[in-house]
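Whatever order the structure lists ligands and atoms in, that order sets their numbers, starting from 1. Residue numbers start at 1 and run along the sequence shown.
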Amino acid sequence: MLDTPPKNVTINKIYYKKTADPVSDKWDVPISTTAKNCRNYIREIVDNLNLEPNPNKKVIALSIGDPTVYGNLVPAKETTDALIETVLNGKHNGYGGSCGLDCSRNAVAEYLSYDGVEVQAEDVILCSGCSSSLDLCITVLADGTRGQNILVPKPGFPIYRTLAESMGVEVRHYDLLPEENWELDLDDVESKIDSKTAAIVINNPSNPCGSVYSEEHLRNVLRLAERNKIPIIADEIYERLVFPGNKFVSVASLGAKVPLLICGGLAKRFLVPGWRLGWIVVHDPVGAFAAVRKGLVCLSQRIIGSNTLVQGAMTKILLETPQSFHDELMNTLIETANIAYEEIGKIRGLKPFMPQGAMYMMVQIKSECFPQFNDGLEFVSKLMEEESTFCLPGEAFGLGGYMRIIITVPKELMVEACERLANFCNKYYKPKPCQLLPPVSIE
Ligand SMILES: *Cc1c(COP(=O)(O)O)cnc(C)c1O
């Protein structure tokens, strides 16, 4: 041990400038601006609702975006076995690299190499859930101190906003078009781009809309990004979670000259959201992302990498889970979606939008049919009060007049929930006053 510095070595002494203010003699611990600006929009909306269920009816929550809560959807045996094996073999108790273990990054690369896409392991960064992937992507591209903004969908998953605003990055919402399969309103997107726009976030398949975009639409989105030289952050957490007859197209597969950060993870398709394993794939066909790659590596060091037990199990999870597991999950989801679509479609004043993938269905509440309620928030509160059924109001995703229901509940519960919805709507439905037809003259 060296108690005194050896000769010929200078130790730099740093002097810090002290503020002139006297040190306080009372505890006063303020929180940072980042923390203050970090808001959970779903919680804020839900906490402000008066949500007292009817004590005579068991609550059905059609609101919870976690496919595991009802216990009807469970991960594949291959998935759980892989994790057990990893725990028992004791080889994955240490740190991985901050971007993840090579074998796990390889597995993601292989898993995502389809439809002509070739992902290399070095393009993959493992994160603590897809939320953390999105966090890194927004953080690396957008800078609040330079007044930058990002574009996010409306309606859309509120975490984009939570992440961006906590860093002082402005969020601009672009419209999705409900009557056109919730596609991006491209004119609206373009009108919101300026020199401070750091990224466009797109989400396909979509939460909350359940829409799956066509190749043609995605090409149009990519063209817009190329024209404006804005990189895309693609939230593809529902990658390949599409119903039969639909095809998932990754923006990475279209060969566009647009730099892309693709975010995904195990949470939804493998039914293990609590395992917190997500990824970013860097696609840089124009060589614009050299600094971004480095920046992402630096940012990944903030948590010294994600959970290595799950990483150790990943090769088996991603590459050995049988297709039959995925097919069964999709069959279950589409059956429940069909029930909801059919039953809600019969209810006057509501309009369901049939999803093509993901785990949700949007339902429009025709406000003119329910003059009793001022908005969708009042509608969902009263529905809870009378029928103990809770749907997330569209306001939680930035769009009033709608509610989002999950299609991951057991079928019987969906049937019951639809009956309750019908009861409720029949009670409050008011037909619009009929217009009188002009008298017909008979010759
Ligand atoms: C669930 C979800 C995520 C978050 O995924 P995690 O891996 O659990 O962090 C991200 N984006 C969308 C659209 C989601 O629905």
Hey, which atoms in ligand 1 end up nearer than 4.0 Å to a heavy atom of [X]?
X: Tyr238; result: 1 (C), 13 (C), 14 (C), 15 (O)
X: Gly129; result: 7 (O), 9 (O)
X: Lys268; result: 1 (C), 2 (C), 3 (C), 14 (C), 15 (O)
X: Ala267; result: 7 (O), 8 (O)
X: Arg276; result: 6 (P), 7 (O), 8 (O), 9 (O)
X: Asn207; result: 13 (C), 14 (C), 15 (O)

For [atom], closest protein heavy-atom neighbour:
atom: atom 4 (C) of ligand 1; result: Ser131 OG, 3.5 Å
atom: atom 11 (N) of ligand 1; result: Asp235 OD2, 2.6 Å
atom: atom 10 (C) of ligand 1; result: Phe157 CE2, 3.4 Å

Name all residues meeting the side chain to side chain contact (heavy atoms under 4.5 Å, CB included) criterion together with Arg276; count only those two or more places apart in sequence or in a different chain, and write none if there are none. Ser128, Ser131

Listed partners of Pro158 passing side chain to side chain contact (heavy atoms under 4.5 Å, CB included), at least two apart: Tyr41, Ile42, Phe397

Close approach, Met359 and ligand 1, non-hydrogen under 4.0 angstrom: no

Contact with ligand 1 for Gly265, non-hydrogen, under 4.0 angstrom: no

What I want to find out is whether Lys382 reaches Glu385 closely enough, with some N-O distance under 4.0 Å, to be called a salt bridge. yes

Would [X] count as being in polar contact with ligand 1, using the rule that some N or O on each side must be under 3.5 angstrom apart?
X: Ser132; value: no
X: Asn203; value: no
X: Cys130; value: yes

Run through [options] and flag the one making a side-chain contact (heavy atoms from CB on, under 4.5 Å) with [X].
X: Ile233; options: Leu260, Leu141, Ile262, Ile200; answer: Leu141
X: Ile138; options: Ile159, Leu163, Leu261; answer: Leu163
X: Arg404; options: Leu399, Asn207, Val363; answer: Asn207

Contact check, side chains of Arg348 and Asn426, non-hydrogen atoms, under 4.5 Å: yes

Approximate separation, where rounding is to 0.5 Å, of Ser211 OG and His217 NE2: 8.5 Å

Among Tyr213, Phe157, Tyr360, Phe270, which residue satisfies the ring pair (Phe, Tyr, Trp, His ring centres under 6.0 Å) criterion with Tyr238? Tyr360

